[in-house]
Q: 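What follows is a structure written as structure tokens; I'll ask about it next.
Nothing here was measured: the structure is a model prediction, and the numbers come from that model. Per chain, numbering begins at 1; letters A, B, ... match sequence-line order.
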2 protein chains.
Amino acid sequence: MDDREYEQLLQYAKQFSGVTEDMENTLQGLYERVKPHMAEVTDSFYTVLLDIPKAEPFLIDRLDALKETHNRWMESVFSGPFELDYVKAMYRVGDVHVKAELPVEFMAGSMALITTRLHQLLGTIFKDEPEKLIESVSAVNSILGFTLMVMQQSYESSRLAEELEKFLKITGMSRTLFDNLASAYKE
Amino acid sequence: MDDREYEQLLQYAKQFSGVTEDMENTLQGLYERVKPHMAEVTDSFYTVLLDIPKAEPFLIDRLDALKETHNRWMESVFSGPFELDYVKAMYRVGDVHVKAELPVEFMAGSMALITTRLHQLLGTIFKDEPEKLIESVSAVNSILGFTLMVMQQSYESSRLAEELEKFLKITGMSRTLFDNLASAYKE
């Protein structure tokens, strides 16, 4: 994808998931208060994952590295900016998930899990300020929804590309022959 | 899929997205208070979607029917139970999205949008009860994350099946020949 396409994806995913400028400011304003608890959120996230038989094999040998990446990403969620660089990085994550053969539903499940953990943390931080609580909870939810949209687009396009490669290998067909057939094909 | 597989998916997706029995009870307890506002949530959801050029063509001719389905689904979110029937129904939704040629990221975007709308509604309902607020916000988030996981699994499996059909049409290859080649194939 070129920068123009990333820019379109950025605007489209923000609009769809309901991200507003206020939300981006809200998240940045939370950084100092959330930062001391980020490692706990990450640990509790991986504790749940390790308990899931389908997820455990993907984690066991690289847990420390994964946690580090996860913490860095969480820092970016509470510091922004949610512009081209963020979209490009998250788009890469979808592709990396395909290369690592992670099942598609891991992304949605993980986001639900992290969102709930962050909500519970915000519930502690703002236990006497319901207005701030709902403002920050909505901001977290929308930004993570936006992030998930971006990851899933690249997951799907990588997954379909991989599937075509598999078909070509199975049938022994060359890419050139397939491309020629595809361009000549009429429904 | 048979009932055993649906049952496995149910348990797996609940565990992954962090759904607890308490959350299911919380949602049922919210039904009476949320019910009078469901139509507003649905309307505001479709108002955002109609404003997105990529989404609008899928909606314009069938808005009333979509809203009705959406309201019925929201009723089920606040009444449960989140058992086999719910999983089967949500699994069908992923498949229907593929048949309707809806882009994969619509599901995640829509869930983010609806979750944020529901959070804002809960923020109004529990504006003086931060503890109940965070409890209900987390329950909504986890159940919708669980729902999204189920939808995405079927979306992907339908999408890949469709991709194989497309490949067979383009190459003029029979399904039997492809299946034979696939079973004889060694990496």
Side-chain angles (χ1 to χ4, degrees), chain A residues 12-13 15-18 48-49 51-52 54-55 103-113 115-117 119-120 122-124 126-131 133-135 137-138 141-142 144-146 148-153 155-156 159-160 163-164 167 169-173 178 181-182 185 187, chain B residues 12-13 15-18 48-49 51-52 54-55 103-113 115-117 119-120 122-123 126-131 133-135 137-138 141-142 144-146 148-153 155-156 159-160 163-164 167 169-173 177-178 181-182 185 187:
Chain A
Y12 162 66
Q15 187 186 5
F16 210 127
S17 52
V48 177
L49 290 194
D51 210 33
I52 299 172
K54 203 171 164 183
V104 66
E105 73 280 2
F106 274 29
M107 294 179 289
S110 298
M111 283 301 186
L113 212 46
T115 307
T116 303
R117 286 290 177 276
H119 285 172
Q120 283 157 352
L122 295 168
T124 320
F126 296 117
K127 64 178 188 306
D128 300 315
E129 297 165 273
E131 214 163 299
L133 175 56
I134 202 67
E135 193 184 287
V137 150
S138 299
N141 177 63
S142 291
L144 297 195
F146 153 72
L148 183 58
M149 281 187 79
V150 173
M151 285 164 58
Q152 292 197 323
Q153 276 212 347
Y155 186 97
E156 189 184 64
R159 188 71 185 78
L160 292 176
E163 202 66 3
L164 177 57
F167 294 153
K169 275 188 192 161
I170 287 173
T171 59
M173 188 174 283
F178 179 79
L181 289 170
Y185 177 70
E187 201 117 15
Chain B
Y12 162 66
Q15 187 186 3
F16 209 129
S17 53
V48 177
L49 290 193
D51 210 32
I52 299 171
K54 203 171 164 183
V104 66
E105 73 280 3
F106 274 29
M107 293 178 290
S110 297
M111 282 302 187
L113 212 47
T115 307
T116 302
R117 287 289 178 277
H119 285 171
Q120 284 158 351
L122 294 168
F126 294 117
K127 65 178 185 306
D128 301 315
E129 297 166 274
E131 214 164 297
L133 176 56
I134 202 66
E135 192 184 289
V137 152
S138 300
N141 177 63
S142 291
L144 297 196
F146 153 72
L148 182 57
M149 281 187 80
V150 173
M151 284 164 55
Q152 292 197 324
Q153 277 212 346
Y155 186 97
E156 188 183 63
R159 188 71 185 79
L160 293 177
E163 204 62 8
L164 176 57
F167 181 80
K169 274 189 192 159
I170 287 173
T171 59
M173 188 175 281
L177 174 55
F178 181 83
L181 289 170
Y185 177 70
E187 203 119 11

Q: Which answer fits A:M107, side chain, backbone, both or neither, if we ask what part of it has an atom under 4.5 Å from a heavy atom of chain B?
A: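 Contact with chain B: none, neither part.
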
Q: Once rounded to the nearest 0.5 Å, what's the spacing between atom NE2 of A:H119 and atom NE2 of B:H119?
A: 5.0 Å

Q: Shorter than 4.5 Å, heavy atoms on both sides: which option in B:F146, B:F126, B:Y12 has the most such pairs with chain A?
A: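 Top count of heavy-atom pairs under 4.5 Å with chain A: B:Y12.
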
Q: Are any of the side-chain heavy atoms of B:F167 and A:T171 separated by less than 4.5 Å?
A: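 Contact flag for B:F167/A:T171 side chains = yes.
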
Q: With a 4.5 angstrom heavy-atom cut-off, is it the side chain or the backbone of A:E156 that approaches chain B, or both, or neither?
A: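 Side chain only.
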
Q: At their closest point, which heavy atom of B:K127 faces which heavy atom of A:P130, and how far apart are they?
A: O-CG, 2.9 Å

Q: For atom CD of B:E131, is the number of surrounding heavy atoms from other residues, nucleotides or ligands below 6.0 Å larger than 12?
A: no

Q: Going by heavy atoms in the side chains, are A:L148 and B:L148 under 4.5 Å from each other?
A: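 Sidechains of B:L148 and A:L148: in contact.
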
Q: Could you report the tightest heavy-atom contact between B:N141 and A:T116, atom names first, then the distance?
A: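 Looking at all heavy atoms of both residues, the closest pair is ND2-OG1, 2.6 Å.
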
Q: What part of B:M111 is in contact with chain A, defined as an atom under 4.5 angstrom from a non-hydrogen atom: side chain, backbone, both or neither?
A: neither

Q: Is A:Y185 in contact with chain B via its backbone, its side chain, both, or neither, using a 4.5 Å heavy-atom distance?
A: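 A:Y185 touches chain B through side-chain heavy atoms alone.
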
Q: So for A:T124, is it side chain, backbone, both, or neither that comes closer than 4.5 Å to the heavy atoms of chain B?
A: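 For A:T124, there is no contact with chain B at all, as no heavy atom is under 4.5 Å.
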
Q: Taking all heavy atoms of B:V48 and all of A:Q15, pick out the closest pair and write down the distance.
A: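 Closest approach of B:V48 to A:Q15: CG1-O, 3.9 Å.
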
Q: With a 4.5 Å cut-off on heavy-atom pairs, point out which of A:S142, A:A55, A:G18 contacts chain B the most.
A: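 It is A:S142.
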
Q: For chain B, find which of A:L122, A:I52, A:L49, A:V104 contributes the most heavy-atom pairs closer than 4.5 angstrom.
A: A:I52

Q: Side-chain contact, heavy-atom cut-off 4.5 Å: A:R159 with B:R159?
A: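 The answer is no, as the side chains (C-beta and beyond) never meet within the 4.5 Å cut-off.
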
Q: Find out whether B:E163 and A:L164 are in side-chain contact, i.e. whether some heavy atom of one side chain is under 4.5 Å from a heavy atom of the other.
A: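 Of all side-chain heavy-atom pairs linking A:L164 with B:E163, none is under 4.5 Å.
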
Q: Pick one of side chain, backbone, both or neither for A:Y155, based on which atoms fall under 4.5 Å of a heavy atom in chain B.
A: side chain

Q: What heavy-atom pair brings A:A112 and B:G145 nearest, and what distance separates the two atoms?
A: CB-CA, 3.7 Å

Q: Is chain B contacted by the side chain of A:L133, its backbone, both, or neither, given a heavy-atom distance below 4.5 Å?
A: side chain

Q: Considering only heavy atoms from C-beta outward, does the side chain of B:K54 approach that of A:F16 to under 4.5 Å?
A: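 No, too far: nothing below the 4.5 Å cut-off.
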
Q: Using a cut-off of under 4.5 Å on heavy-atom pairs, state which of B:V137, B:V150, B:D128 scores highest against chain A.
A: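 The answer is B:V137.
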
Q: Give the member of A:A182, A:P103, A:G172, A:S138 that has the highest number of heavy-atom pairs under 4.5 Å with chain B.
A: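 Result: the option with the highest number of such pairs is A:S138.
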
Q: Would you mind checking which part of A:L144 comes under 4.5 Å of any heavy atom in chain B, side chain (CB onward), backbone (N, CA, C, O), both or neither?
A: neither

